[in-house]
Amino acid sequence: MTFSLLIITILTLVFGVLAYFMYKIRESKKKVKQSEESYEDMLKKSGEEFFFLRQEVKHATGNNVSSEH
Amino acid sequence: MPFLIIFFLLIFTYFAFTNVQGMLELYQTANNWFIEFAIGLIIFFTFLVILRYLALMFFSIFKVALKTEKQTDDRHFNTDLKVSIIVPAFNEDVVIERSILSLMHQTYKNMEIIVVDDGSNDKTYRYAKRYEGGRVKVITKPNGGKSRAINFGIEQATGDLIMVVDADSRLNDDAVGLMVQYFDDPIIAAVAGSVYVVNQDHIITRLQALEYIEGLNMVRNGQSLLKMVNIIPGPIGMFRLDALVKVGLYDHDTYAEDCDLTLKLLAEGYAIDFESDAVAYTEAPEHLLDLIKQRYRWTRGILQAIRKHQSYLFHTQGRPSMTVILWYMLFESIFWPFMDVFATIFLLYITMITGINSFLIFWWSLFTVLDLAGALYCVLITKEKLSLVFYAVLYRLYFIGIINLAKIFATIEEWLGVGMSWGKLDRKGKI
């Protein structure tokens, strides 16, 4: 009982600190994700009806070739 | 059951006495200023927290007795006052319909419901619109935060009383009627209701359920004996419109707008009461990181509200109740979390250097027994399950430590002025 209580107390403290930093990391990741512009946002900015996105495709040769979708 | 409470209190007295006696012995034998200082500090804060706990529990018991007597003598419902219920909603499509339905089923009929969609980018507005007509009005505005949404709703309201209900909450059918009767007394500016956790299907939500009945509802019940409730909870609160206008409605400069408004009303000299039978069922966070997120915002918001009213801390300015409440809130938000974590680390240190582990056990047992007695009392006066009482053991062992650490980090970040956002929680739709 005594030993378990000691261990649980130490683990809770460590876990509490870890959990807090995990929360901070998760929130900062969410923030980055939210700051990324969506297709709709870009469309609104451009004022066009639609636009194409260009994606870099890496081939096995190592050369970067762009492709339009 | 009263015998059980007395039994717990007797065990508590034993632990308290043994703990303090042991600490005093260590204090006398230690030749180290740090150990002496730490023991003195721990004994002082332990005494304060026990005093606070017992005082609130006895205040609460006294309030229940007074209320029961009043109900049997003279139970009447004033229906002259019109109530405008404001439901601020941002991305609440999972829960908004159930929330509106619970308001439509209220037994008190002299009321209107105003749903304010705060620029949601989900289907909240569309779903709420289905219920428009009669007493229900649904309005929308560009996203601007909860406090602005509530103020926008108040501007459209035609009632004498304003009730604010979170969109993720469901009320019991007589909640509005029970709260209205308090406004016969002109000094009452607001009435808080009880908040219960509805999704008690995880250990973490059951621990929060225990915290809500013991740490929040019992505390409000105790505070209401002196009509000094310090926070009107977001899920259920009713205000006198005149008083709201007098204090300038909700401010937008804190993350705990409910706490800030309550303090503004108290500073204006109004009284704030509590109706334990007016119940709001709300969803509690089901994941630890979401819980930390919620408590982080609560702590920083409360500290921001205290800072706004800090002039009352050292000068009563004719409002001694404000000074008492602000110090109480500082104790709850900062002093006790720091002290609890410090004491735990210090007692671990004592155990490691002396090999005596009894202090840690007594420290933990002391508060666990107190929590068990409090939980038992709260379960008896509420409709919560008796099984919640046993979670008091886990509550002290695991839950409070983590919450206190989150409060400490939030306090440090608030002091350093680290930026923050509202941090909306995802709803599961279980209300």
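Predicted, not measured: the structure shown is a model, and the values here were computed from it. Every chain is numbered from 1, with letters handed out A, B, ... down the list of sequences.
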Exercise. More than 12 foreign heavy atoms under 6.0 Å from CD1 of Ile10(A): is that the case here?
Worked result: yes
Exercise. Any side-chain heavy atom of Leu288(B) sitting closer than 4.5 Å to one from Phe15(A)?
Worked result: yes
Seminar exercise, completed: Distance col, row Thr9(A):OG1 vs Trp364(B):CH2, nearest 0.5 angstrom, shows 9.0 Å
Problem set entry | Euclidean distance, Leu13(A) CG relative to Ile402(B) CD1, rounded to 0.5 Å | 9.0 Å
Exercise. Would you say Arg26(A) and Asp290(B) make side-chain contact, with heavy atoms under 4.5 Å?
Worked result: yes
Problem set entry | Residue-level interface, residues 330-347 of chain B with chain A, non-hydrogen cut-off under 4.5 Å | Val341(B), Thr344(B), Ile345(B)
For this session: Please examine the side chains of Tyr296(B) and Lys24(A), heavy atoms only from C-beta on, and report whether any two atoms are closer than 4.5 Å.
Result: yes
For this session: Report yes if some heavy atom in the side chain of Leu397(B) is under 4.5 Å from a heavy atom in the side chain of Thr12(A); otherwise report no.
Result: no
Seminar exercise, completed: Okay, Leu405(B) and chain A: the region with an atom under 4.5 Å from a heavy atom over there is side chain
Problem set entry | Ile292(B) side chain near Tyr20(A) side chain, heavy-atom distance below 4.5 Å | yes
For this session: Flag yes if more than 12 heavy atoms outside Lys141(B) fall under 6.0 Å of its NZ atom; otherwise flag no.
Result: yes
